[in-house]
Enquirer: 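Quick one: the structure is below, and I'll ask about it shortly.
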Number of protein chains: 2
Amino acid sequence: MKFSKKSEYGLRALLELCDTYGGRVLQRHEIAERQNIPVEFLEQILLALKRAGLLASRRGIRGGYALIKSPDDITLGQVIRILDGPLAPISCVSKTAYQKCADCPYAAKAACPLQQAMGEVRDAIANILDHYTLSRFAHTKLAEGS
Amino acid sequence: MKFSKKSEYGLRALLELCDTYGGRVLQRHEIAERQNIPVEFLEQILLALKRAGLLASRRGIRGGYALIKSPDDITLGQVIRILDGPLAPISCVSKTAYQKCADCPYAAKAACPLQQAMGEVRDAIANILDHYTLSRFAHTKLAEGS
DNA sequence: AAGTTGTCTAGTGAGTTGCTCAAGATTTGG
DNA sequence: CCAAATCTTGAGCAACTCACTAGACAACTT
């Protein structure tokens with residue numbers, strides 16, 4: 001019941017990118033250094049976020065990555081679903097990736113007692129993560145003041 | 001972000017054991033057959049639940065497993081923590097198994113922006129799962145009526 | 001004593017996680 | 001146009017976890 005490093009790194013990388021939103025681009029190694037993330041692994045994450053439409057990138061000597069959606073419009077839930085898959089704790093209650101459980105004897109009768117509880121869990125998680133936007137963290141800079 | 005089969009099987013096995021609570025013992029193969037669980041795998045689960053104090057067992061020809069705590073006193077959260085470990089989505093917000101994240105640059109300043117959101121998620125999950133008791137499912141029998 | 005059950009430890013194959021490497025494509029500076 | 005810097009793509013890999021299996025052993029009943 002844990003989120004992967006991928007999600008964690010992805011979120012931390014996005015926090016960096018929020019800081020320069022509307023301004024300059026950030027290169028992989030800048031993000032990697034500031035956030036202590038292995039650079040090649042980070043790259044895969046950035047690419048996934050790019051394919052999902054959150055980031056744009058430019059190659060070449062003054063290349064790098066930049067947010068193309070406003071931090072107001074990006075939620076933790078979105079990011080985690082991109083990098084980690086669906087939020088539901090068991091797939092028979094997933095809204096984005098429903099699958100009926102193969103071996104559950106209750107499944108056939110559609111009266112699985114666990115389903116209700118798990119559904120509540122799913123909704124609770126989604127409710128929190130889909131309402132936290134990245135902009136909500138934007139004021140929490142890493143190296144400010146001193 | 002999923003629960004394991006272990007938890008799922010464990011919960012389903014406990015539902016069976018609830019039905020005979022106070023009455024006879026159930027043997028591994030009975031539970032396994034009714035719930036479609038590989039019997040040797042189920043055994044490990046039952047043993048873990050026994051070590052955690054939820055079950056008693058007797059060997060020999062009329063042996064088997066039985067609940068020793070009331071279904072009222074067993075919550076989904078307890079069971080899942082026994083079989084799957086802590087509920088927290090990242091370990092720096094776990095109440096039962098806290099560990100500060102090794103590589104997070106915010107960790108040192110104790111001002112990780114994600115921590116609050118993840119803490120809320122943890123609390124939401126725990127709140128639901130720690131309030132669902134097994135007795136709440138007891139009336140949902142598998143093979144009743146017809 | 002024999003047979004039936006639970007107990008324990010170890011192992012295993014498949015898949016995932018977290019990460020690395022190398023060969024390309026694209027952009028910019030000179 | 002060349003070369004350096006950057007992103008892009010895909011493959012590969014060690015370690016781990018998950019779901020499950022196997023087998024020796026201990027204890028209980030008859």
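Order of the sequence lines fixes the chain letters, A, B, ..., with proteins taken first and strands second; residue numbering starts at 1 for each chain. Computed from a predicted model, the values in this text were never measured in an experiment.
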Enquirer: Of the options dA5(D), dC28(D), dT7(C), whose atoms approach the side-chain atoms of Ile61(A) most closely?
Expert: dA5(D)

Enquirer: Using whole Å, report how far NZ of Lys2(B) lies from C1' of dT17(C).
Expert: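 Distance, rounded to whole Å: 16 Å.
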
Enquirer: Think Tyr9(B) has a side-chain N or O under 4.0 angstrom from the OP1 or OP2 of dC18(D)?
Expert: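 So the side-chain polar atoms of Tyr9(B) never come under 4.0 Å of the phosphate oxygens OP1 or OP2 of dC18(D).
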
Enquirer: Could you check how far CZ of Arg58(B) sits from C1' of dT4(C), rounded to whole Å?
Expert: 13 Å

Enquirer: From dT8(D), dT28(C), dC19(C), pick the nucleotide closest to the side chain of Leu47(A)?
Expert: dT8(D)

Enquirer: With nearest nucleotide decided by heavy atoms, which residue, Arg59(A) or Arg62(A), maps closer to the 5′ end of DNA chain C?
Expert: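 Between the two, 5'-proximity favours Arg59(A).
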
Enquirer: Taking for each residue the nucleotide of DNA chain C bearing the nearest heavy atom, is the 5' side occupied by Asp103(B) or by His29(B)?
Expert: His29(B)

Enquirer: So, Tyr106(A) versus Gln35(B): side-chain donor-acceptor pair below 3.5 Å or not?
Expert: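 Checked: Tyr106(A)/Gln35(B) side chains pair up, N/O donor to acceptor below 3.5 Å.
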
Enquirer: Distance check needed: dA22(D) C1' versus Phe41(B) CZ, whole Å only.
Expert: 15 Å

Enquirer: Quick one: label Gln44(A) by what it contacts on the DNA or RNA (base, sugar-phosphate, nothing), any heavy atom closer than 4.0 Å.
Expert: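 Contact class for Gln44(A): base.
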
Enquirer: Could you state the atom-to-atom distance from CD of Glu40(A) to P of dC7(D) in whole Å?
Expert: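 That distance rounds to 12 Å.
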
Enquirer: Does dT7(C) have OP1 or OP2 under 4.0 Å away from a side-chain N or O of Lys50(B)?
Expert: yes

Enquirer: Rounded to the Å, how far apart are Asp84(A) CG and dT16(C) P?
Expert: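 After rounding, the gap between these two atoms is 13 Å.
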
Enquirer: Are side-chain N/O atoms of Ser4(A) and Asp84(A) paired as donor and acceptor at under 3.5 Å?
Expert: yes

Enquirer: From CZ of Arg24(B) over to C1' of dT5(C), roughly how many Å is that when rounded to an integer?
Expert: 15 Å

Enquirer: On a plain distance test, is the side chain of Glu43(B) in donor-acceptor contact with the base of dT21(D) below 3.5 Å?
Expert: no

Enquirer: What class does the angle between the rings of Phe137(B) and Tyr132(B) fall in, given that below 30° is parallel, 30 to 60° is tilted and above 60° is perpendicular?
Expert: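 Parallel.
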
Enquirer: Please state how far atom CG in Leu49(B) lies from atom P in dC8(C), giving the value in whole angstrom units.
Expert: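 About 14 Å, once rounded to whole Å.
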
Enquirer: Rounded to the nearest angstrom, tell me the gap between atom NZ in Lys6(A) and atom P in dC19(C).
Expert: 12 Å

Enquirer: Gln78(B) side chain to Asp73(B) main-chain N or O, any donor-acceptor pair under 3.5 Å?
Expert: yes

Enquirer: Could you say whether Gly64(A) or Gly63(B) is positioned toward the 5' end of DNA chain D, judged by the nucleotide with the nearest heavy atom to each?
Expert: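 It is Gly64(A), whose closest nucleotide lies nearer the 5' terminus.
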
Enquirer: Among dC7(D), dC20(D), dT9(D), which nucleotide has an atom closest to any side-chain atom of Gln27(A)?
Expert: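 Selected nucleotide: dC7(D).
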
Enquirer: Taking the side chain of Arg28(B) as heavy atoms from C-beta outward, which of dG6(C), dA22(D), dA19(D) is closest to it?
Expert: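 Nearest nucleotide to the side chain: dG6(C).
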
Enquirer: Check the side chains of Ser135(B) and Asp72(B) for a donor-acceptor pair under 3.5 angstrom, ignoring hydrogens and angles.
Expert: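 Yes, because at least one side-chain N or O of Asp72(B) sits under 3.5 Å from a partner of the opposite role on Ser135(B).
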
Enquirer: dT8(D) phosphate, OP1 or OP2: any side-chain N/O from Ser57(A) under 4.0 angstrom?
Expert: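 For dT8(D), OP1/OP2 do have a side-chain N/O of Ser57(A) under 4.0 Å.
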
